[in-house]
Structure formats: structure tokens, C-alpha cells
Protein chains: 2
Amino acid sequence: MKQDLEIRELINRLTRLDAATAWGGDLNPTQRAVLDYLGRANRFSRSPSHVAEYLGSTRGTVSQSFKSLVQKGYVTERRSKLDKRAISFELTETGNAVASAQNPLTIALADYPEGEKDNLLASLRGVLGAMLSQNKSRPFGICSSCMHHETTSNGGYCRLLSKPLLPFETHQICYEHETT
Amino acid sequence: MKQDLEIRELINRLTRLDAATAWGGDLNPTQRAVLDYLGRANRFSRSPSHVAEYLGSTRGTVSQSFKSLVQKGYVTERRSKLDKRAISFELTETGNAVASAQNPLTIALADYPEGEKDNLLASLRGVLGAMLSQNKSRPFGICSSCMHHETTSNGGYCRLLSKPLLPFETHQICYEHETT
DNA sequence: CACTATTAGTATCGAGTCGAAACTATTGCA
DNA sequence: TGCAATAGTTTCGACTCGATACTAATAGTG
């Protein structure tokens with residue numbers, strides 16, 4: 001019980017300190033989070049709705065964030081031909097640079113023993129899993145671990161969307177992900 | 001490297017999901033964080049400046065947060081006699097209830113094996129330590145682990161501030177904390 | 001095929017955060 | 001005595017947040 005409070009405190013504080021220094025540029029923590037997500041999500045998972053669900057936010061808020069990200073040149077809009085309502089956003093070169101940049105938290109992690117990192121990663125995944133099942137939101141897992149994924153000679157194939165995947169795409173996160 | 005990005009992602013996402021549901025009442029995540037801090041800090045560490053440093057924020061922002069927390073009745077102001085500039089805030093009964101309430105993250109942690117929790121706690125403390133030394137901010141540790149602390153028959157004593165401490169106070173966090 | 005329900009995204013509102021900078025009152029120091 | 005440092009507040013503009021009301025496109029049903 002007392003442990004739980006301290007763990008929550010630590011997780012929140014780490015994010016807060018990470019965000020505080022992240023304010024620096026012309027981006028705020030939310031905009032940065034959107035960029036980070038876009039850098040890891042596949043091409044079927046880059047709409048305002050998807051981002052909103054991933055971040056536990058709303059379409060309205062995310063729509064605003066995209067507006068200023070487009071204006072600042074971190075992201076470009078791509079409208080779908082099939083469904084004229086749908087929009088998919090893509091990182092520009094600048095956007096990509098920001099998404100993969102170092103920050104206080106990753107610097108702190110850099111000189112941390114590998115074994116400890118694996119443990120930490122596993123624990124955090126577990127906690128996140130418990131939280132997600134609590135409010136039954138999607139896991140946003142990686143393609144290659146999905147029940148609809150098929151490994152092929154030249155990458156992968158998604159049985160759900162009936163689309164072939166390039167090798168690097170099989171390591172991206174997907175809105176439709178379902179654990180086996 | 002890739003691990004580091006995922007760890008950051010997980011930590012940020014946990015906070016975000018935790019915060020998202022925390023919006024519910026008439027409190028936002030920042031106000032809640034202030035309340036949580038106040039619930040764990042000792043009487044020498046409850047000023048706007050202290051909170052600002054703990055949260056990696058600024059005095060200006062925290063001042064605003066306190067304004068609305070006072071207005072909503074979660075916190076009361078106490079001016080110091082010795083230094084007429086200084087203010088210390090205290091949780092009201094309602095404030096205390098909120099600070100120790102359950103939330104999505106603690107619920108997720110509840111049915112998590114004890115041993116794993118200890119490991120997670122230790123890892124997170126380590127990462128936080130690395131981050132704090134990076135931007136040389138204070139550790140905000142617990143009194144009993146401080147180099148100025150002395151255990152007495154009826155609680156403790158702070159050699160730095162020359163003040164006796166009640167037993168429960170030796171487990172609170174302090175702005176002045178220094179590791180041995 | 002038409003009509004309605006659902007879905008995707010946007011606009012607007014009010015409260016609040018954020019850093020930055022300017023400001024007031026008090027205390028400390030020389 | 002006088003100036004510097006400190007504690008806290010206020011204001012500014014950009015932005016987040018949930019809520020709500022909105023438009024346009026697609027899906028489902030009769």
C-alpha cells in the first residue's frame with residue numbers, strides 16, 4: 001500500500017521532471033508525446049482518434065495539437081482516398097529528429113546496467129497491462145506479436161487488414177493489435 | 001538505446017493514463033500532484049518554492065495552483081511569524097482524503113506481486129537519482145535517512161534546523177535532506 | 001434506394017498550466 | 001543606511017483539458 005503510493009509518486013515525478021526540461025523548444029510535453037507516438041506507430045494508426053486513444057485524451061484536444069504541429073512544420077497531413085473522413089499524419093524530417101532526440105530521462109537511463117533495464121521494462125509493461133485492462137483500452141502492441149500477423153519471406157503480412165508489411169513495419173505499434 | 005525509448009514511453013504513458021482519469025473531480029493532475037506532495041512533506045517543506053522545486057515547476061505556476069486549491073478548500077495558508085515573506089500550506093481534511101485516495105495506477109499496482117514491487121521501486125529510485133544529479137536538484141529524501149537526523153527516545157531531532165521531530169515526522173520528506 | 005445511425009474530425013468554451021518577466025514586500029548584508 | 005537577495009504574486013500569450021455542439025462522410029436497415 002505505502003509502496004504503491006511511492007511508486008506512483010516516482011512515476012509521476014519522473015514524467016514531470018522529464019517534461020519540465022522538455023518545454024524548452026517550441027514544443028510542450030503533449031505535442032512531444034504526439035510526435036513520439038507518430039515515430040513508433042505504423043501507417044494504419046496515425047489518425048487523431050488513434051493518438052487520442054493512445055494518450056488517454058480526446059479527439060478534440062489532439063486535433064488542436066495537430067493543428068499547431070502542422071503549423072510549426074513537424075508533421076504533414078495525408079487524407080485517405082478510400083474514406084474521405086479519415087486523416088493520417090506523418091512526421092516531417094524535423095519532426096523525426098525531435099521524436100528520436102535524447103532527453104533527461106533517456107540520458108539518465110543511458111548509464112544504467114542492462115540487466116536492471118530489462119527488469120524495469122518488464123515491470124512497467126506489467127503495470128501498464130494491468131491499467132489497460134482496467135479501463136479496457138487497446139494495448140497498441142507491436143505488429144510481429146499480433147494474432148493477425150504472418151511472417152513472410154520479405155517482411156510480414158497483416159491478415160486483419162489484408163496488407164503486406166515491410167520489415168521495419170513489423171516492429172511498429174498498431175491500433176488493431178491483438179494478443180494471441 | 002531502443003530500450004531507453006520504450007522505458008521513457010512507458011513511464012510517460014502511465015502518468016498520462018493515470019492523469020486522464022484523475023481529471024474527473026474538480027482537480028487537475030497538477031493540483032493533485034501538489035496535494036500528494038503536501039501529504040508527504042514535513043512542516044519545513046510546504047512553501048510554494050519547495051513545491052515548485054519538487055515538481056520541476058516555477059514559483060509563479062505553483063502560486064496559481066495554490067490559489068485555486070485554497071479557493072476549493074483543499075488547503076489552508078499559514079504565514080510564518082519569523083519570516084513574514086514565508087508561507088506554509090496545510091492540507092484540510094478534504095485535501096487529506098484526496099491525497100491518500102486510490103487511483104488507476106495504485107489499483108493496477110494493488111494485485112502485483114510484492115517482490116516485483118520492491119524491484120520496481122528500487123529501479124525507479126535509481127533512475128530518479130540519476131536524473132536529479134543531472135540537473136542537480138534536491139533529493140527530497142526522508143528525514144530518518146538524512147545526515148542531519150538524530151534518533152531520540154521520543155522521535156527524532158534535526159541538527160540542521162535544531163528542531164525536535166515527532167515519530168511520524170521522521171518519515172516525511174524534507175527540502176533540506178542530505179544523504180550521508 | 002432512401003433514411004437514419006454511426007463515425008471522423010473540427011470549433012468553441014472556460015478553467016487551468018506553463019515559462020518568462022515584471023512587480024511588491026521583507027530580510028540580510030556590508 | 002542602503003542595496004542586494006529572497007519569497008511570493010501578477011500578468012502575458014500559447015496551449016491543454018473535458019464538454020459540447022457542430023459538419024461531412026460512411027454504414028446499416030428497412
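Letters A, B, ... mirror the listed sequences (proteins, then strands); counts begin at 1.
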If you measure only the distance, is there a donor-acceptor pair under 3.5 Å linking the side chains of B:S145 and B:H177? yes
Residues touching DNA chain C, which here means a heavy atom under 4.0 Å, drawn from residues 80-100 of chain B: B:L82, B:D83, B:K84, B:R85
Please collect all side chain to side chain donor-acceptor pair (under 3.5 Å) contacts where either partner lies in residues 47-59 of chain A, sequence neighbours excluded, each pair once. A:S47-A:H50, A:E53-A:Y175, A:Y54-B:E9, A:T58-A:T61
Pairs in or reaching into residues 56-80 of chain A: which pass ring-ring contact (aromatic ring centres under 6.0 Å, His included), with residues at least two apart or in two chains? A:F66-A:F89
Going by side-chain contact (heavy atoms from CB on, under 4.5 Å), name the residues that satisfy it together with A:T30, two or more places apart in sequence or in a different chain. A:N28, A:S65, B:R16
Can you tell me how far P of C:dG9 sits from CZ of A:R46, to the nearest Å? 14 Å
B:R16 side chain near D:dC17 phosphate (N/O to OP1/OP2, under 4.0 Å): yes
For A:L166, which fellow cluster members are found when Ile, Leu, Val, Met, Phe, Trp and Tyr are connected by side-chain heavy-atom distances below 4.5 angstrom, either directly or through intermediates? A:F168
Just the rounded figure in Å: distance from C1' of C:dC18 to CD of B:Q31. 14 Å
Phosphate OP1/OP2 of D:dG8: any B:S49 side-chain N/O under 4.0 Å: yes
Who pairs with A:R46 by salt bridge (Lys or Arg N to Asp or Glu O under 4.0 Å), at least two apart in sequence or on another chain? none
Nearest-angstrom distance from the residue atom CZ of A:R79 to C1' of D:dA25: 11 Å
Find the distance B:L27:CG to C:dT17:P and express it as a whole number of Å. 10 Å
Can you name the side-chain contact (heavy atoms from CB on, under 4.5 Å) partners of A:C143, sequence neighbours left out? A:N42, A:H149, A:L165, A:C174
Listing request: all side chain to side chain donor-acceptor pair (under 3.5 Å) pairs with a residue in residues 82-91 of chain A, at least two apart in sequence or in separate chains. A:R78-A:E90, A:D83-A:R85
Tabulate below the donor-acceptor pairs under 3.5 Å that side-chain atoms of residues 113-122 of chain B make, not counting sequence neighbours, or state none.
{"from": "B:K117", "atom 1": "NZ", "to": "A:D4", "atom 2": "OD1", "distance (Å)": "3.0"}
{"from": "B:K117", "atom 1": "NZ", "to": "B:L109", "atom 2": "O", "distance (Å)": "3.4"}
{"from": "B:D118", "atom 1": "OD1", "to": "A:Q3", "atom 2": "NE2", "distance (Å)": "2.2"}

Any residue in residues 54-75 of chain B with a heavy atom nearer than 4.0 angstrom to DNA chain C? Just list them by number, or reply none. B:G56, B:S57, B:T58, B:T61, B:S65, B:K72
Do A:T170 and A:S144 have a side chain donor and acceptor closer than 3.5 Å? no
To the nearest Å, how far apart are B:E53 CD and D:dT6 C1'? 14 Å
Rounded to 10°, the angle between the first-five-pair and last-five-pair axes of the helix from C:dC1-D:dG30 to C:dA30-D:dT1 is 10°
With sequence neighbours excluded, give me every salt bridge (charged side-chain N to carboxylate O under 4.0 Å, His left out) pair touching residues 119-131 of chain A. A:R125-B:E6
Can you tell me if the side-chain N/O atoms of B:N28 get under 4.0 Å from OP1 or OP2 in C:dT17? yes
